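Comments concern the structure below.
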Number of protein chains: 2
Amino acid sequence: MSIPELGPFPDLDRVIHEPGRLMILAILNSVGEADFLFLIRQTGLSRGNLSSHTTKLADAGYIEIEKSFNERTPRTVYRLTASGRAALQKYRDQMGDVLAAMG
Amino acid sequence: MSIPELGPFPDLDRVIHEPGRLMILAILNSVGEADFLFLIRQTGLSRGNLSSHTTKLADAGYIEIEKSFNERTPRTVYRLTASGRAALQKYRDQMGDVLAAMG
DNA sequence: CCAACCGGTTTGCAGCGCAAACCAAGTTTA
DNA sequence: TAAACTTGGTTTGCGCTGCAAACCGGTTGG
């Protein structure tokens, strides 16, 4: 539970901790919103993989998924929610403490 | 594979990324060496859990396990290897970059 | 002796990430 | 107009993993 003289080890959010999802969240955090194809290209994830990660993030309430049509072709846009932004910030702080403890 | 304007997303070492093992490594990194009971108390992990994590870390070559006897009772000491220390440092740098990209 | 404890390891199972298969709808080829 | 291909995803299946519980060989206490 703790690293000697460095306080307790934080209970990291596993939904965020997973690298694929951390990547998605980091991107959404920096660009505001993104569509499926953009995320595919930036992350290098497979479509199936991206789909399941975004579903899980949406289930956790960390992102919102908006489906629409551009002309006749479907378009899905992903965006961080307030709670997602907060959770990400918390994760960042916790992980920052852990790393600092490893100087 | 990349966060816009922030370079590629690093391929994080999953052996280290797992919180339980990260905790073990962080402790060994800060105290030099530790025995089984000390790690139990510091990490809060169950014995079985600690045993399997240390086995996995040893399989990866990141720690060494030294079994001996203190009087008649067994004693197992865990210690970071050079390669473990290097891998941990690399993980720290990579994760630091990711966090920095999330400012 | 026999029970309880110490110091671990092995086992079993549930959950997860990943890739591949699938699907629906539109577009191109012929 | 029908076959083949692309786009934009979702679902399925499997192998691995983390976790808790069961186990096990000593050792100490009554």
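Each chain gets a letter, A, B and so on, in the order its sequence line appears, and its residues count up from 1. These numbers come from a predicted model, not from an experiment.
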Inset, instruction - Check whether any side-chain heavy atom of A/I24 lies under 4.5 Å from a side-chain heavy atom of A/L50, and answer yes or no. - result: yes
Legend entry - Stretch residues 55-67 of chain A: residues that reach within less than 4.0 Å of DNA chain C through a heavy atom: A/K56
Legend entry - Atom-to-atom span, CZ of B/F36 to P of C/dG8 - whole angstrom: 6 Å
Legend entry - Qualifying residues under side-chain contact (heavy atoms from CB on, under 4.5 Å), relative to A/T81, sequence neighbours excluded: A/E64, A/S83
Close N/O contacts between protein and nucleotides 27-29 of chain D (under 3.5 Å):
residue	atom	partner	partner atom	Å
D/dT27	OP1	B/R72	O	3.2

Inset, instruction - Output all residues satisfying ring-ring contact (aromatic ring centres under 6.0 Å, His included) with B/Y91, sequence neighbours left out; order by chain, then residue number. - result: B/H17
Legend entry - Separation of C/dG8 P from B/F38 CZ (nearest whole Å): 15 Å
Inset, instruction - Check side chain to side chain donor-acceptor pair (under 3.5 Å) between B/D35 and all other residues, then give those that pass, not counting sequence neighbours. - result: B/R75
Inset, instruction - Starting from C1' on C/dT9, measure out to OH on B/Y78 and report it in whole angstrom. - result: 10 Å
Legend entry - For A/A100 against B/R92, the heavy-atom pair lying closest together: CA-NH2, 4.4 Å
Legend entry - side-chain contact (heavy atoms from CB on, under 4.5 Å) partners of B/A86, counting only residues at least two apart: none
Inset, instruction - For B/T76, enumerate each residue passing the side-chain contact (heavy atoms from CB on, under 4.5 Å) test, keeping only those at least two apart in sequence or located in another chain. - result: B/I65, B/K67, B/Y78
Inset, instruction - Could you check if a side-chain atom of B/L88 sits within less than 4.5 angstrom of a side-chain atom of B/L22, using non-hydrogen atoms only? - result: yes
Inset, instruction - Could you list the residues that satisfy ring-ring contact (aromatic ring centres under 6.0 Å, His included) with A/F36, not counting sequence neighbours? - result: none
Inset, instruction - Remember a base hit wins even if backbone is also touched, and classify A/L50 as base, sugar-phosphate or nothing at under 4.0 Å, heavy atoms. - result: nothing
Inset, instruction - Give the rounded distance in Å between these two atoms: CD1 of B/I40 and P of C/dT9. - result: 11 Å
Legend entry - Global bending angle along the helix from C/dC1-D/dG30 to C/dA30-D/dT1, which compares the axes of five pairs at either end, to 10 degrees: 20°
Inset, instruction - Begin with the C-alpha distance, continue with both residues' side-chain angles, and end with the deciding distance and a verdict on side chain to side chain contact (heavy atoms under 4.5 Å, CB included) for B/N29 and B/R85. - result: CA-CA 7 Å; B/N29 183 60; B/R85 197 172 302 272; 3.3 Å; yes
Interface polar pairs with nucleotides 19-22 of chain D, N/O, under 3.5 angstrom:
residue	atom	partner	partner atom	Å
D/dC19	OP1	A/R14	NH2	3.0
D/dC19	OP2	B/N49	OD1	3.2
D/dC19	OP2	B/N49	ND2	3.4
D/dC19	OP2	B/H53	NE2	3.1

Inset, instruction - Determine which pairs satisfy ring-ring contact (aromatic ring centres under 6.0 Å, His included) with at least one residue from residues 48-67 of chain A, sequence neighbours left out, and list them in order. - result: none
Legend entry - Residues which pass side-chain contact (heavy atoms from CB on, under 4.5 Å) with A/R14, listed by chain and number, not counting sequence neighbours: B/E18, B/P19
Inset, instruction - May I have the distance from B/I16 (atom CD1) to D/dG18 (atom C1'), rounded to whole angstrom? - result: 17 Å
Legend entry - Any donor-acceptor N/O pair, B/T55 side chain to B/S51 backbone, under 3.5 Å: yes
Legend entry - Rounded distance (Å) that lies between atom P of C/dG8 and atom CD1 of B/I24: 13 Å
